[in-house]
Amino acid sequence: MSEFGRLVLAGAPIGQVGDASPRLRLALETADVIAAEDTRRLKRLVSDLGANVTGRVVSYYDANEIARAKELLDVLLAGKTVLVITDAGMPGVSDPGYRLTKLAVDAGVPVTALAGPSAVTTALAISGLPSDRFCFEGFPPRKSGDRARRLAGLATEERTMVFFEAPHRLQACLEAMAEAFGPDRQAAVCRELTKTYEEVRRGGLGQLADWAAGDIRGEITIVIAGYAPDQTEPEIEDLVAQVAQLEATGVARKEAIVDVAKRAGIPKRDLYNAVHTAKS
């Protein structure tokens with residue numbers, strides 16, 4: 001039997017405190033140390049649950065995560081139970097938790113989780129978009145150039161995609177998504193999930209970007225339909241003709257080939273060879 005303690009990753013309600021399980025209350029009452037992303041929110045949650053916390057409470061957030069994880073590992077190695085809880089959702093999913101979990105796993109410390117509400121799967125379920133296959137992409141990069149490159153790499157991702165975003169960056173993010181995926185790509189913006197002012201907006205990315213120009217507040221989750229390639233492949237002769245048409249407007253041949261190949265969903269090398277064979 002292990003002499004180590006146990007790491008507990010506790011899923012916290014994403015809005016309604018009534019979604020908290022009895023197991024969460026018991027775990028909060030029995031943990032030796034509670035590592036909380038926001039100790040003030042933890043205090044409010046404990047009060048709402050009527051829990052009697054006797055363990056030590058420490059802060060565990062982005063700025064101190066690396067140093068605190070090492071301290072908490074020592075607590076685990078000493079045989080104590082450490083519970084990690086974030087503001088909402090599951091620790092480690094775009095929230096502090098991964099580093100401590102990795103250290104615990106590498107040290108052979110038992111790790112378990114208390115299942116709880118998730119903004120990712122909640123938004124996916126109510127989006128009205130395919131949910132049989134999906135990927136979670138977290139927060140897009142803040143800088144426009146980095147964000148554009150990240151989204152461009154997902155342009156042909158066929159699974160439904162789920163993102164988080166801050167409300168003050170929502171419009172710019174949706175505009176970048178419309179540029180990368182097309183303004184008509186279907187999506188859903190889910191705001192304040194499970195809370196009093198829960199709102200879900202569905203439509204094309206271009207339409208949603210226009211809507212986001214208003215005063216948008218709250219926690220945001222974006223769900224976007226995956227890429228749906230055409231069932232019939234375009235004739236290569238037609239694509240060569242499209243390249244020629246772009247060249248006639250002053251677009252450089254290389255740029256025209258890249259653009260047409262991307263829209264057609266074929267390797268640019270294949271189109272490059274076809275264009276130069278036709279020119280020879």
Side-chain angles (χ1 to χ4, degrees), residues 11-20 37-38 41 86-90 93-95 115-230 262-263 265:
I14 60 175
Q16 295 291 334
V17 70
D19 291 336
E37 183 180 13
D38 187 325
R41 290 199 181 189
T86 61
D87 293 347
M90 183 62 67
V93 181
S94 287
D95 276 322
S118 165
V120 175
T121 52
T122 300
L124 179 67
I126 66 176
S127 68
L129 298 171
S131 57
D132 54 333
R133 297 176 64 237
F134 73 95
C135 58
F136 175 57
E137 291 294 328
F139 284 90
R142 297 186 180 188
K143 294 183 178 179
S144 59
D146 294 340
R147 181 172 56 215
R149 283 187 287 273
R150 173 77 63 80
L151 295 176
L154 295 169
T156 56
E157 171 58 66
E158 296 184 17
R159 294 171 294 179
T160 299
M161 296 170 283
V162 183
F163 297 84
F164 289 160
E165 186 54 288
H168 62 279
R169 292 194 296 269
L170 180 60
Q171 183 185 15
C173 181
L174 289 171
E175 288 175 344
M177 289 172 168
E179 177 70 22
F181 307 143
D184 296 326
R185 179 81 70 92
Q186 291 299 294
V189 177
C190 306
R191 187 179 69 85
E192 293 290 86
L193 287 169
T194 80
K195 300 177 184 178
T196 302
Y197 298 104
E198 176 180 286
E199 179 181 19
V200 181
R201 289 274 180 164
R202 302 175 179 88
L205 284 168
Q207 176 187 0
L208 292 172
D210 291 340
W211 162 76
D215 184 19
I216 308 300
R217 301 181 183 183
E219 302 289 335
I220 303 292
T221 306
I222 306 170
V223 186
I224 303 177
Y227 172 70
D230 292 334
K262 180 179 179 181
R263 286 190 280 109

Any donor-acceptor pair under 3.5 Å from Q16 side chain to T194 backbone: yes
N/O donor-acceptor pair under 3.5 Å between E192 side chain and E219 backbone: yes
E198 CD: over 12 foreign heavy atoms closer than 6.0 Å: yes
Exercise: identify the closest heavy-atom pair between T160 and V223: CG2-CG1, 3.5 Å
Rounded distance [0.5 Å steps], CD1 in I222 versus CZ in F139: 9.5 Å
A180 to L151 - nearest heavy-atom pair and separation: CB-CB, 3.7 Å
F136/T121 under side chain to side chain contact (heavy atoms under 4.5 Å, CB included): CA gap, chis, key distance, verdict: CA-CA 10 Å; F136 175 57; T121 52; over 6 Å; no
Side chain R202, main chain S127, donor-acceptor under 3.5 Å: yes
Main-chain N/O of P167 paired with R217 side-chain donor or acceptor, under 3.5 Å: no
Ring pair (Phe, Tyr, Trp, His ring centres under 6.0 Å) between F181 and Y227, intermediate numbers included: CA-CA 8 Å; F181 307 143; Y227 172 70; 9.7 Å; no
Flag, side chain of Q171 to backbone of R169, donor-acceptor distance under 3.5 Å: no
T122 vs T221, side chain to side chain contact (heavy atoms under 4.5 Å, CB included): CA-CA, chis, key distance, verdict: CA-CA 9 Å; T122 300; T221 306; over 6 Å; no
